[in-house]
Colleague: 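Below is the structure I would like to discuss, written out as structure tokens.
In what follows, every chain begins at residue 1, and chains take the letters A, B, ... in the order their sequences are listed.
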Amino acid sequence: MSTTPSQTVGPYLAIGLPWPDGPDVVPPDTPGRIRIHGRVFDGAGDPIGDAMIETWQADPDGKFGPGFRGFGRCPTDAEGAWEIFTLKPGRVDGEQAPHIDVSVFARGMLNRTVTRIYFADEDNAGDPVLESVPEARRATLIAQPADDGYEFDVHVQGERETVFFKV
Amino acid sequence: MTRFRDDAEVHPPMDYAGYKSTALRHPKEPLIILPHRLTEVTAPVFGEDRLREYDNDLTRGPQGEAIGQRIIVHGHVKEDDGRPVPNTLVEIWQANAGGRYRHAVDQWPSPLDPNFTGAGRTITDDKGYFRFLTIRPGAYPWRNHPNAWRPAHIHFSLFGRAFTQRLVTQMYFPDDPLFFQDPMYNSVRDERAAKRMVSAFDYESTEDHWALAYRWDIVLRGEEATPTEEPHA
Ligand SMILES: [Fe+2]
């Protein structure tokens, strides 16, 4: 048996995919809640206003399981902007620095693209995934501290193209 | 450690000239291999609290029934070794019977139906089975090439049990005469793989004086077989 092929989300994903609580990986009153936000750009440097970001991460102890949704979803607005509200993940399986797996969906993408968010103020040394990325490109995976959390832009293509992974 | 089978050859290329919008929306740098570690082999679990009553029935509008050919769309979500994917969220969205989406960007002259939003969701049962009641969507025009029409389709979104299994795709209807000019359908290079996106007319499941039926099984990546350990000498 072989897998079903991927197809694009198309221009109308907003009908079926956004949830009112999509960006809330944790509810609004959760202590330690941070905002991670950014924008999505195409190869001409223009914002992608019909994309959707999904995030998947461990809890602050580096664990996955009931009690922590771990999942965030946010469509981009006309400026290509998205945001999620979450807790910072812990180190995972002893070896990996705190990280969030990210899927990017959009019209014009026949499949999702996958990237990872790391954090500039964490010790990322020795992370096996980050080390597998050519050093010159690693910065595209690192969220920078911002007023209320972190900022992480996605450049689907172009001079500052984000590192994408084959899963 | 669990590893999910590489199914990259099944999926369309990100850079596909026939679909113009891919030009500025595909990465040009080589992809880096992401090993399947804990974050990749886990996925969110969603319960019935995500669902409202009638979320799997798209024919019920605020003032009455949606207009169009009533159809049952059902099937199983499986992994590539045939094992079911139980209790997984299935989300769908689609155009109405006239091929019009309830979305500000869709302005072609085909009427909206006040009783059809075009969104649905359900959770598979313990055998991986899902079932929707909806309206057969119409074909619709778009601006990719002269006189371009999308074959009738329903958009599907699936999670599975691992980040590696996340899939967004489209379900088509059998023998659609528009396949030949559709770059989405034809972006899947292997013809047998493309046919796996096409549902089957399911006369057995039709309901007399009520609804026609289409069956569609969705197959997600499964795990690679665990290599048998050599016995120690
Ligand atoms: Fe569509």
Colleague: Heavy atoms under 4.5 Å from chain B: which residues of residues 160-167 of chain A carry them?
Modeller: E161(A), V163(A), F164(A), F165(A), K166(A), V167(A)

Colleague: With respect to chain B, which residue among P11(A), P5(A), P89(A) yields the maximal number of heavy-atom pairs within a distance under 4.5 Å?
Modeller: P5(A)

Colleague: Supply the atom-to-atom distance E95(A) CD to R37(B) CZ, rounded to the nearest 0.5 angstrom.
Modeller: 4.5 Å

Colleague: With rounding to the nearest 0.5 Å, note down the distance linking CD1 in I15(A) to OG1 in T117(B).
Modeller: 8.5 Å

Colleague: Do R166(B) and D101(A) sit within salt-bridge range, that is, some charged N less than 4.0 Å from a carboxylate O?
Modeller: no

Colleague: Heavy-atom pairs under 4.5 Å with chain B - which of M109(A), R112(A), R69(A), R137(A) has more of them than the others?
Modeller: R112(A)

Colleague: My understanding is that only one of M197(B), H11(B), Q170(B) makes a side-chain contact (heavy atoms from CB on, under 4.5 Å) with S6(A); could you say which?
Modeller: H11(B)

Colleague: Rounded to the nearest 0.5 Å, what separates atom OG1 in T55(A) from atom CZ in F163(B)?
Modeller: 9.5 Å

Colleague: Measure across T113(A) and M14(B) and return the closest heavy-atom pair with its distance rounded to 0.1 Å.
Modeller: CG2-CE, 3.6 Å

Colleague: Residues two or more places apart in sequence or in another chain: which of them pass ring pair (Phe, Tyr, Trp, His ring centres under 6.0 Å) with Y214(B)?
Modeller: F173(B), F201(B)

Colleague: Taking the six-membered ring of F41(A), is the NZ or CZ of R25(B) close enough (under 6.0 Å from the centre) and on axis enough (within 45°)?
Modeller: no

Colleague: Could you walk me through whether S21(B) and R107(A) pass the side chain to side chain donor-acceptor pair (under 3.5 Å) check?
Modeller: CA-CA 7 Å; S21(B) 304; R107(A) 172 178 67 83; 3.0 Å; yes

Colleague: Less than 4.0 Å between a side-chain N and a carboxylate O, is that true for R116(A) and E40(B)?
Modeller: yes

Colleague: First locate atom OG of S2(A), then atom CG of D80(B), and finally report the distance between them rounded to the nearest 0.5 Å.
Modeller: 7.5 Å

Colleague: Does the separation of the ring centres of F159(B) and W56(A) fall below 6.0 angstrom?
Modeller: no

Colleague: If the test is ring pair (Phe, Tyr, Trp, His ring centres under 6.0 Å), which one of H103(B), H153(B), H155(B) qualifies with Y12(A)?
Modeller: H103(B)

